[in-house]
Amino acid sequence: MSTFNTSEVEISTFFLVGIPGMEYAHIWVAIPICLAYVFALLGNCTILFFIKIESSLHGPMYYFLSMLVCSDLGLSISSMPTMLRIFLFNAPQISVDACIAQEFFIHVFSALESSVLLMMSIDRFIAINNPLRYTSILTGARVTKLGLVDVVLCALFILPFPFTLKRLKFCKNNALSHSYCLRQDIMKLACSDNKVNIFYGFFVAIAAMLEFVCIFISYLLILKIVLSIASNKGRFKVLNTCVSHICAVLIFYTPIITLSVLHRFGKKKSPVVGIIVADLFLLAPPLLNPIVYAVKSQQIRNVILGKLCEKQE
């Protein structure tokens, strides 16, 4: 791999990385990555299929779950091409335009997943706080409108990034530090004024932090309601309805928080650690969320098992 290191030549191609120092083993690393993508696509499509065909799953919680599934599928499809090219075919090159496009879709689907997790936390609060009016407050039409507005807002929120990145000139070097394109990574290679990207990126980061804080607050309110329930059995039953969502929140935010901590405090860390955590950020949610909901959601589990028993008969 050759990289430019000059202030005179403008770069038109970036080089992504697999796992530094383990290039000889990339083909073996590709096997679990391929399996993860296959199972992620199968798992999410299965959940989406059963929500669509099964009338018992036509409720607010499962409509929000279908949004989460779509954002997971978007993350997988956005990152899959470059990761497979690197690990399977040792082809790390990507044009600047393609890299900026990938960055846009990855950030849009990440923002979408974060906002859907927030809506799901509010859904759980309404279901626990006001169970008798739950379905009348979150009607199918209202949830659909919320989903469409969310998609449009997330796209508009991230839309400035491609234009601000496109204005930059890249002439320092052309080696990125991940297996896919991220805005922060692209910005580091710029040799022109970067202030707009820095300020707008900071604004987006603050908005993402606020979403996480709102999720946390919603669970504090839920916990307050749960503690007011007299029986332990009742408390457990209510909390059990939130387990799947809590797992989804942890699966999504843990790699992000870990990566932020590593960037802030892990100056002497091996770059391999950051690359693996960044890859987990895109691989873990699409792979694990369908498993969590299939195992912890009794309705989904019963529907899937019921359909499998029908086929066997």
Side-chain angles (χ1 to χ4, degrees), residues 39-77 108-109 111-155 211 214-215 218-219 221-222 225 234 236-249 251-252 285-313:
F39 285 120
L41 293 174
L42 285 175
N44 283 289
C45 288
T46 300
I47 296 289
L48 205 57
F49 173 73
F50 282 118
I51 290 174
K52 180 179 172 59
I53 67 165
E54 188 60 41
S55 58
S56 65
L57 300 180
H58 292 175
M61 175 183 172
Y62 299 103
Y63 293 144
F64 285 121
L65 176 57
S66 65
M67 294 181 204
L68 186 70
V69 166
C70 289
S71 62
D72 280 337
L73 285 171
L75 278 177
S76 292
I77 294 168
V108 165
F109 286 116
L112 186 61
E113 178 136 357
S114 179
S115 58
V116 169
L117 288 170
L118 172 59
M119 288 191 290
M120 291 176 83
S121 69
I122 296 170
D123 164 78
R124 289 298 83 210
F125 172 72
I126 295 172
I128 293 167
N129 185 55
N130 204 342
L132 296 179
R133 295 190 58 217
Y134 172 56
T135 53
S136 62
I137 294 172
L138 293 174
T139 61
R142 194 166 290 168
V143 172
T144 302
K145 288 176 184 176
L146 280 172
L148 291 174
V149 170
D150 186 34
V151 171
V152 172
L153 287 178
C154 287
E211 285 185 331
C214 288
I215 292 172
S218 69
Y219 271 101
L221 295 173
I222 288 171
I225 296 169
F236 177 78
K237 186 178 179 180
V238 170
L239 281 175
N240 197 45
T241 64
C242 302
V243 171
S244 300
H245 179 256
I246 292 171
C247 289
V249 171
I251 289 167
F252 180 75
L287 177 64
L288 297 180
N289 282 341
I291 298 172
V292 168
Y293 276 93
V295 171
K296 294 302 298 179
S297 173
Q298 187 176 355
Q299 277 184 282
I300 293 178
R301 187 171 68 248
N302 290 344
V303 168
I304 293 173
L305 291 175
K307 294 296 180 183
L308 289 174
C309 290
E310 282 179 16
K311 287 185 177 182
Q312 286 179 355
E313 290 174 2

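Quantities reported herein were computed from a predicted structural model and do not represent experimental measurements.
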Nearest 0.5 angstrom please: [X] [atom1] to [Y] [atom2], how far?
{"X": "L146", "Y": "M119", "atom1": "CG", "atom2": "CE", "result": "6.0 Å"}
{"X": "M67", "Y": "I51", "atom1": "CE", "atom2": "CD1", "result": "10.5 Å"}
{"X": "L117", "Y": "S71", "atom1": "CG", "atom2": "OG", "result": "7.5 Å"}
{"X": "L41", "Y": "T46", "atom1": "CG", "atom2": "OG1", "result": "10.0 Å"}
{"X": "N130", "Y": "I137", "atom1": "CG", "atom2": "CD1", "result": "4.5 Å"}
{"X": "S66", "Y": "N44", "atom1": "OG", "atom2": "CG", "result": "11.0 Å"}

Using the side chain to side chain donor-acceptor pair (under 3.5 Å) criterion, which residues pair with Y63? Sequence neighbours excluded. none
Once side chain to side chain donor-acceptor pair (under 3.5 Å) is applied, do any residues pair with D123, and if so which ones, sequence neighbours excluded? Y134
Does the side chain of [Y] come within less than 4.5 Å of [X]'s, by heavy atoms?
{"X": "L68", "Y": "M120", "result": "yes"}
{"X": "I128", "Y": "C242", "result": "yes"}
{"X": "I77", "Y": "F109", "result": "no"}
{"X": "C70", "Y": "L48", "result": "yes"}
{"X": "L239", "Y": "F236", "result": "no"}

Show the nearest heavy-atom pair for residues [X] and [Y], with the distance to one decimal.
{"X": "L138", "Y": "P60", "value": "O-CG, 3.1 Å"}
{"X": "I215", "Y": "V249", "value": "CG2-CG2, 4.2 Å"}
{"X": "A111", "Y": "E211", "value": "O-OE1, 4.4 Å"}
{"X": "K296", "Y": "R301", "value": "C-NH1, 4.1 Å"}
{"X": "A40", "Y": "S76", "value": "CB-OG, 4.2 Å"}
{"X": "R133", "Y": "S136", "value": "O-OG, 2.8 Å"}

Kindly write out the residues that satisfy ring pair (Phe, Tyr, Trp, His ring centres under 6.0 Å) with Y293, not counting sequence neighbours, or none if the list is empty. none
Hits for ring pair (Phe, Tyr, Trp, His ring centres under 6.0 Å) against F50, two or more places apart or cross-chain, chain-then-number order -> none
Quick one: side-chain contact (heavy atoms from CB on, under 4.5 Å) partners of P285, sequence neighbours excluded? D72, E113, I251, F252, N289
With sequence neighbours excluded, what pairs up with N302 under the side-chain contact (heavy atoms from CB on, under 4.5 Å) test? Q298
Dump the intermediate steps for side chain to side chain contact (heavy atoms under 4.5 Å, CB included) on R124 and F64, then the final yes or no. CA-CA 11 Å; R124 289 298 83 210; F64 285 121; over 6 Å; no
Would you tell me whether Q299 and Y62 have side-chain atoms, one donor and one acceptor, within less than 3.5 Å of each other? yes
Ignoring hydrogens and angles, tell me if any N or O in the side chain of [X] forms a donor-acceptor pair with the backbone of [Y] under 3.5 Å.
{"X": "S115", "Y": "L112", "result": "yes"}
{"X": "N129", "Y": "I225", "result": "no"}
{"X": "H58", "Y": "K52", "result": "yes"}

From CA spacing to verdict: side chain to side chain contact (heavy atoms under 4.5 Å, CB included), C247, V243: CA-CA 6 Å; C247 289; V243 171; 4.2 Å; yes
Other residues, nucleotides and ligands only: do more than 12 of their heavy atoms fall within 6.0 Å of CZ on F39? no
